Amino acid sequence: MTLPGDVKSGFVTIAGRPNVGKSTLLNRLVGSKVSITSPRPQTTRNRVVGIMSRPGAQIVFVDTPGIMREKSRLNKFMIGVSVKAGGESDMLLFITDAEKPNLDEEKFAISRLGEKRCKIFLAINKIDAVKKPELLGQIATLSGIAEFDEIFPISARTGEGVEEMLAKIIETLPVGPQFYPTEMITDQPERFYIGEIIREKAFYLLRQEMPYSTAVAVETSEDSQNGVMVIGAVIYVERESQKGIVIGKGAAMLKKIGSMAREELEKRFETKVFLDLRVKVKEKWTSDLRSLGELGYKDEE
Ligand code: GDP
Ligand code: MG
């Protein structure tokens, strides 16, 4: 039954190995920064939903943390989140990296998604970085590893091919309700967004020195009388030595991270922000599921 107000709508999971460009694509599609991007893999830990609304269509995108074969419990946990996200969707958008193709890894990632429950589109990303013949070769090989319903060569960076892909996604989705208000671009709580911005700045400033095992917990976030948003955030690292690196000489690094994050948060929330940023050592949290839960990486069972 089609009701008044119904549009083409549905949930699309964005899946693929770390670093193939999932977050970049999501941000382009939604037209704003909802998912952090980084030249280093694995900076997306939670499911981030980006909502794209257009006249007659609404797509709810789920950005997965990436599928990888690794042993730590954190990674196992993240794979769990990815696979689950795939199961609930109307469509799966599987992304590969044309610049750094790795057929074995793609085969593994596809196999992790389990049996085919919905349409699967393949987006071969970063075509701005490869030559035509190379791309054609990749299309031929990749089309053999799964039953893709459509294959789109795209560049999330330049936007090439993205509109064509989007048109096909919208065409394929069912007619249904608009799930979210048009102006909403994400359903993630503010707290999570704030933590991601801080993590992004720390990754940007510290590059190689920033341990993967870093998490940010946002402990308070409230408006005071004079219109200032007060945020208390803690960057968790695993070792004393890492704490020293994140804080820096005379706390210079921590100040830099804090002021970059504050600037972006002030723009986003259109208000003055007071950011109290601290660093704490929390040993072995990556292998301790209980502390994962404490930090907000809870599996929603
Ligand atoms: P994710 O881990 O899959 O979410 O990947 P990200 O979106 O964080 O991107 C990983 C890296 O690839 C970043 O340095 C991006 O700037 C880069 N990247 C993403 N899309 C493209 C693209 O279309 N072309 C090129 N050349 N680089 C891209
Ligand atoms: Mg990402």
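Numbering of ligands and ligand atoms starts at 1, following listing order. All of these numbers come straight from a predicted model, not from anything done at the bench.
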Next item on the list: With the side chain counted from C-beta on, respond yes when Ile59 and Ile169 share a heavy-atom pair under 4.5 Å apart, and no when they do not.
Entry: yes
Next item on the list: With heavy atoms of Asp128 as the reference, note each atom of ligand 1 found under 4.0 Å away.
Entry: 22 (C), 23 (O), 24 (N), 25 (C), 26 (N)
Margin query: Taking 4.0 angstrom as the limit and counting only heavy atoms of Thr24, give me the atoms of ligand 1 inside it, by number and element.
Written below: 6 (P), 7 (O), 9 (O), 15 (C), 19 (C), 20 (N)
Check: Taking the six-membered ring of Tyr204, is NZ or CZ of Arg207 closer than 6.0 Å to its centre and within 45° of its axis?
Finding: yes
Check: Looking at ligand 1, does any of its N/O atoms fall within less than 3.5 Å of an N/O of Gly21?
Finding: yes
Notebook entry, point to check: Within the structure, does Arg157 bring an N/O atom to less than 3.5 angstrom of an N/O atom in ligand 1?
Noted result: yes
Notebook entry, point to check: Once the angle between the rings of Phe94 and Phe148 is folded into 0 to 90°, is it parallel (under 30°), tilted (30 to 60°) or perpendicular (over 60°)?
Noted result: parallel
Next item on the list: Start with the C-alpha gap between Asp97 and Asn19, add the side-chain angles, then the distance that decides, and say whether side-chain contact (heavy atoms from CB on, under 4.5 Å) holds.
Entry: CA-CA 8 Å; Asp97 183 340; Asn19 236 19; 5.6 Å; no
Check: Does Ser155 reach ligand 1 with a nitrogen or oxygen that is under 3.5 Å from one of the ligand's nitrogen or oxygen atoms?
Finding: yes
Item checked: Within 6.0 angstrom of Lys256 NZ, more than 12 heavy atoms from elsewhere -> no
Item checked: Per-residue contact class, Asn125 against ligand 1 - non-hydrogen pairs under 4.0 Å -> side chain
Notebook entry, point to check: Should Ala156 be counted as touching ligand 1, given the test is an N or O pair under 3.5 Å?
Noted result: yes
Next item on the list: Consider every N or O of Pro18 and every N or O of ligand 1, then say whether any pair is closer than 3.5 Å.
Entry: no
Name every donor-acceptor pair, under 3.5 Å, that has one atom in a side chain of residues 131-138 and the other anywhere in the protein, sequence neighbours excluded.
unit_1: Glu134; atom_1: OE2; unit_2: Gln138; atom_2: NE2; d: 2.6
unit_1: Gln138; atom_1: NE2; unit_2: Ala98; atom_2: O; d: 2.8

